[in-house]
Structures are given as structure tokens and as C-alpha cells.
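Letters A, B, ... mirror the listed sequences (proteins, then strands); counts begin at 1. What's counted below: heavy atoms across the whole structure, side chains too, no hydrogens, waters or symmetry copies.
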Protein chains: 2
Amino acid sequence: MSVNYGILPSLIGFNLRRTQVRIFQAFAETVGRFDITPGQFGVLEIINSNPGFNQSELGAAMGVDRSTVVAVIDRLEGRGLVVRAPSRRDRRSYALRLSDTGKDLLAKLQPLVLEHDRLAGQNLDDSEVKKLIGYLQKLQGT
Amino acid sequence: MSVNYGILPSLIGFNLRRTQVRIFQAFAETVGRFDITPGQFGVLEIINSNPGFNQSELGAAMGVDRSTVVAVIDRLEGRGLVVRAPSRRDRRSYALRLSDTGKDLLAKLQPLVLEHDRLAGQNLDDSEVKKLIGYLQKLQGT
DNA sequence: TATTGTTATACTCTATAACTATA
DNA sequence: TATAGTTATAGAGTATAACAATA
């Protein structure tokens, strides 16, 4: 069955979306064995790289509202991966950190994720991947 | 506040996701005035370019399950933009098409979307945008 | 038997508004 | 008064499984 996509294939946004969906599906098939979504991996990585962040800071880093962070951390805390430790300097907030289980899992995930991402980019050579990431960061304003 | 993103910035998937979120936010601020999401614009564009498609064909074109299509079309039909016409050759299915209102709206949206996408890519010159889209299509396997 | 649209159900991700405890 | 976390609520988007009608 042949499909006419109209102006969609000429749009950056459409191609970005399609590519991202495809890569997330591949992520689910590989890293997903550990019941971790791309977003959850990102949260673990950010908490691990910024121990002591509170939920608002984490939300700002991820670009989501702090109310959204609650459920995300609820899930990860419920699985024993993240700890809400009381913050010393501000009794309203928590200092987030990975549990030992969380650290172990992240250490296992990192090489898997790197391998997944390498596979996702296998249709491009190294210099093309670099240029692609450079373009994407320019689009982000970075 | 400075954030350490660990290995995330080296990943194609992470950069893809971030860029896409940013572009969708810009879409919401411009095209969103018409209460249309990027996905809904895609549906209108595909139906317009393939009049007579049934819901299963539309789902296949979009890469989603046919059960997902039901709610999408319910919304657009409820707003008078899409028509579920009885199909002649198969009484189980509908021949989808845009209503006159839908066609008028799409005609208004197309230049807006093209302008939005042009703005989204303003940090890149034309040849870079072409290369970017080429890379993305390679990643999709196209 | 297989396919089309549908429904029931469930889960993720997201946001806004209002609440409480604290600053 | 402002901020941090939370809750209630809502909506989009997604899927699986089962069903009736039709092929």
C-alpha cells in the first residue's frame, strides 16, 4: 500500500518525531528488558551525576513541571532505585540520590544504552553522527 | 544552576528527544492557536493526501494501532473536521475524508506549519537542514 | 478464518490549580 | 510572600484483548 504523506516529509518536526519513535522502540526491545524507559534512564543518569538535587531542580534539568516529577520518583523509589533523603539545608525538600541497587542497575544500563545508541546510528558513519548531534544541539539553542 | 548530564549529551536518542520536545512546544505556541497538535496536523495531512483511506490504513501510515485511531478520529469528527463516510467496497470500514471545514482549516494550517518549521530550523542554513533531514531519514531506515 | 471498527481497560507522560509545610 | 512537595484532576497518546459485523 503506497501512502502519500503530503508536506510532512519536508518538515524537520515530522522527521524528528518519526526517528525518535523508532529509536525508542529499539530502546524498549533492548534496554527495556530491565523495565526502564528512556526517560527513566535519563532521570537515573541525572540524579547520579548531580547527587543532592531536589525534585524541583531535577524537573528543571529535565524540562518538566515539578508535579510531574512526583510520580516519576514515586515509581523509581517504589522499585528501590532512588532514595528521598531529608535535606539538611531545607526541610521542605528532599535530597535525591541513587540507592546501592540503583547504582548497580545504572552501571549495568550504561553500556547497554551506549550500545543501543550505537546500533541506532549504524546507518551513519562516525562523522555523520557527530554532525547530526551538532545540528540537533543547534536546534535546541545549545 | 549548572547541571551535569552524564553520558546523555553523547546519545542520539537523548538529543533527538530534547530537540523534538522543544519544537513541539514552539508548534503549540504558533499552530496551537487552532487547537491542533502536531499529531493531529499529521492526520489531517495524511487523510487529505489519501482520501478514502480507512482507519486501519491510516493507523498503518502513522505507525499506531487501529484502536488508537478510533479516539483520534472521534475527536476530529466531533469537531467537524473529518467525515466517516460509508465505504462502498467494504461495509465493515469507513472511507475517511476531510469535511469542507477540515479542508479550509488544513489550507490555513499548511503555511503556518511550514513557517513554524522554518523558524525551528533557523539556527541551520538550508544545506544543513537538508543534511539533517537526510540523516534522520537514514536513521528511520528510509 | 481473517479483518474492520469498537469498547473496556490500563499505563505513561504531561500540565494546572490548590493545599501544607517551611522559608 | 514565596517556594517545595503533594494531591486531585484532566487530557493526549499509546497498547492489548475481546466482541459484533462483515469479508
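Nearest-nucleotide positions on DNA chain D place A/A95 closer to the 5' end than the other of A/R17 and A/A95.
Counting only distance, with no hydrogens or angles, the side chain of B/S87 and the backbone of B/Y94 share no donor-acceptor pair below 3.5 Å. With hydrogens and angles disregarded, a donor-acceptor distance shorter than 3.5 Å links the side chain of A/E128 to the backbone of A/D125. In terms of modelled atom types and a separation under 3.5 Å, the side chain of B/Q140 and the main chain of A/N15 share a donor-acceptor contact. One N or O on the side chain of B/Y5 and one on the backbone of A/A61 form a donor-acceptor pair closer than 3.5 Å. A distance-only check finds a donor-acceptor pair linking the side chain of A/E57 to the backbone of A/N54 [under 3.5 Å].
Side-chain nitrogen and oxygen atoms of B/Q40 include none within less than 4.0 Å of the OP1 or OP2 phosphate oxygen of D/dA12. OP1 or OP2 of C/dG5 has at least one side-chain nitrogen or oxygen of B/S56 nearer than 4.0 Å. Contact check, A/R91 against D/dA4: no side-chain N or O comes under 4.0 Å of OP1 or OP2. Taking side-chain N and O atoms only, B/Q55 has no distance below 4.0 Å to OP1 or OP2 of C/dT3. For the pair A/S93 and C/dT22, the criterion of a side-chain N or O lying under 4.0 Å from OP1 or OP2 is not met.
Among the nucleotides D/dA15, C/dT4, D/dG13, the one closest to any side-chain atom of B/D90 is C/dT4.
Rounded to a whole Å, the CZ atom of A/F24 is 21 Å from the P atom of C/dC11. In this structure, B/D65 places its CG atom 14 Å from C1' of C/dA8, rounding to the nearest Å. Here C/dG5 presents its P atom at 7 Å from CG of B/L96, a figure rounded to the nearest Å. When the P atom of C/dA15 is taken as reference, atom CD of B/E29 falls 13 Å away, rounded to whole Å. Rounded to whole Å, the distance from OH on B/Y94 to P on D/dA23 is 13 Å. As a whole-Å value, the separation of B/R89 CZ from C/dT4 C1' is 12 Å. When the P atom of C/dT1 is taken as reference, atom CZ of B/R92 falls 17 Å away, rounded to whole Å. Rounded to whole Å, the distance from CZ on A/F41 to P on C/dC13 is 15 Å.
Not counting sequence neighbours, the partners of A/N48 by the side chain to side chain contact (heavy atoms under 4.5 Å, CB included) test are A/L98, A/K103, A/L106.
Residues from residues 66-88 of chain A that place a heavy atom under 4.0 Å from any atom of DNA chain C, listed by number: A/S67, A/T68, A/R75.
Rounding to the nearest 0.5 Å places CD1 of B/I7 at 4.5 Å from CD of A/E45.
Backbone-only contact: A/N54 has heavy atoms under 4.0 Å from sugar-phosphate atoms and none from a base.
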